[in-house]
Amino acid sequence: DTGVSQNPRHKITKRGQNVTFRCDPISEHNRLYWYRQTLGQGPEFLTYFQNEAQLEKSRLLSDRFSAERPKGSFSTLEIQRTEQGDSAMYLCASSLIGSQNTGELFFGEGSRLTVL
Amino acid sequence: GENVEQHPSTLSVQEGDSAVIKCTYSDSASNYFPWYKQELGKRPQLIIDIRSNVGEKKDQRIAVTLNKTAKHFSLHITETQPEDSAVYFCAAIPYGNNRLAFGKGNQVVVIP
């Protein structure tokens with residue numbers, strides 16, 4: 001499968017624990033996005049990278065959240081000291097931005113976080 | 001920032017009928033408007049998009065129309081089939097911005 005892959009697909013943790021999600025984008029894609037989706041809502045933007053540079057972070061992203069894309073390929077999203085309000089589906093998406101493409105986002109299947 | 005709203009939140013149609021979902025946006029500088037389909041438990045997938053220099057775009061049973069003056073765009077699905085049942089998200093990206101702002105989604109239910 002050459003699409004966007006995310007793992008783990010499901011994570012159940014206790015409040016206060018740290019969790020880390022990984023995203024492997026489509027290999028030639030230069031942009032990588034993290035979104036959060038809760039039940040009955042659309043994806044909410046968290047942050048995005050162009051290659052290895054993190055270019056924008058949403059105000060939704062508290063200092064407990066950190067994302068990296070160290071070599072411009074895979075990315076990790078870490079949540080420290082998890083809270084019950086962090087329970088959501090964390091979606092990763094990638095796109096190829098250039099002179100002759102639409103910038104279509106290709107989403108992964110998501111990582112579902114449940115904080116008890 | 002861009003604010004995207006969708007109406008109605010839920011739409012039920014008989015198989016074979018047409019479905020129309022409307023989306024409004026707030027930033028007049030937005031210039032790219034995609035529609036994503038998300039089936040239960042699956043990832044969102046792009047089904048059609050339109051840019052601000054075009055008023056309408058069609059792909060088989062799916063079409064999108066854009067009214068820049070009124071700042072709204074609509075998804076039209078003709079001859080609906082059960083596999084069209086899903087949540088549909090509209091989105092917008094303002095000129096000079098680099099990330100999509102999504103609406104809350106419309107649940108479309110096609111009744112066989």
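The chains referred to below are lettered A, B, ... by the order of the sequence lines, with proteins before strands, and numbering in each begins at 1.
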Above 12 or not: heavy atoms from other molecules or residues under 6.0 Å from [atom1] of [X]?
X	atom1	value
A:Ile12	CD1	no
B:Glu15	CD	yes
A:Arg9	CZ	yes

Any idea which of A:Ser95, A:Ala93, A:Pro43 has the most non-hydrogen atom pairs under 4.5 angstrom with chain B?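 Sorted descending by pairs with chain B, the first entry is A:Pro43.
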Got a sec, which pairs hit side-chain hydrogen bond (donor to acceptor under 3.5 Å, both in side chains) with one end in residues 69-94 of chain B, sequence neighbours left out?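 Counting only pairs at least two positions apart or across chains, the side-chain hydrogen bond (donor to acceptor under 3.5 Å, both in side chains) contacts touching residues 69-94 of chain B are B:Arg61-B:Asp84, B:Thr65-B:His76.
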So for A:Glu44, is it side chain, backbone, both, or neither that comes closer than 4.5 Å to the heavy atoms of chain B?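 Nothing of A:Glu44, per the 4.5 Å heavy-atom cut-off to chain B.
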Checking heavy atoms, do the side chain of A:Glu56, its backbone, both or neither come under 4.5 Å from chain B?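 Only the side chain of A:Glu56 comes within 4.5 Å of chain B.
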Between [X] and [Y], is there a shared hydrophobic cluster once you connect ILVMFWY residues whose side-chain heavy atoms come closer than 4.5 Å?
X	Y	answer
B:Ile77	B:Leu11	yes
B:Val20	B:Phe73	no
B:Val54	B:Tyr25	yes
A:Trp34	A:Leu61	yes
A:Val19	A:Phe65	yes

Measure B:Gln38 against the heavy atoms of chain A and call it side chain, backbone, both or neither at under 4.5 Å.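 Only the side chain of B:Gln38 comes within 4.5 Å of chain A.
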Non-hydrogen atoms of chain A under 4.5 Å away: do they reach the side chain of B:Pro34, the backbone, both or neither?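 When you check distances to chain A, no heavy atom of B:Pro34 falls under 4.5 Å.
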Residue from A:Tyr48, A:Tyr35, A:Tyr33 passing side chain to side chain contact (heavy atoms under 4.5 Å, CB included) with B:Leu100: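 So, applying the side chain to side chain contact (heavy atoms under 4.5 Å, CB included) to B:Leu100 and each of A:Tyr48, A:Tyr35, A:Tyr33, only A:Tyr35 qualifies.
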Interface residues of residues 105-116 of chain A facing chain B - non-hydrogen atoms under 4.5 Å apart: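 The stretch touches chain B at A:Leu105, A:Phe107, A:Gly108, A:Glu109.
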Distance (rounded to the nearest 0.5 Å) between A:Cys92 SG and B:Arg43 CZ: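 Spacing of SG (A:Cys92) from CZ (B:Arg43) equals 10.5 Å.
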Can you name the nearest heavy-atom pair linking B:Phe89 to A:Gln37, along with the distance?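 Heavy atoms only, the tightest pair is CZ-NE2, 3.3 Å.
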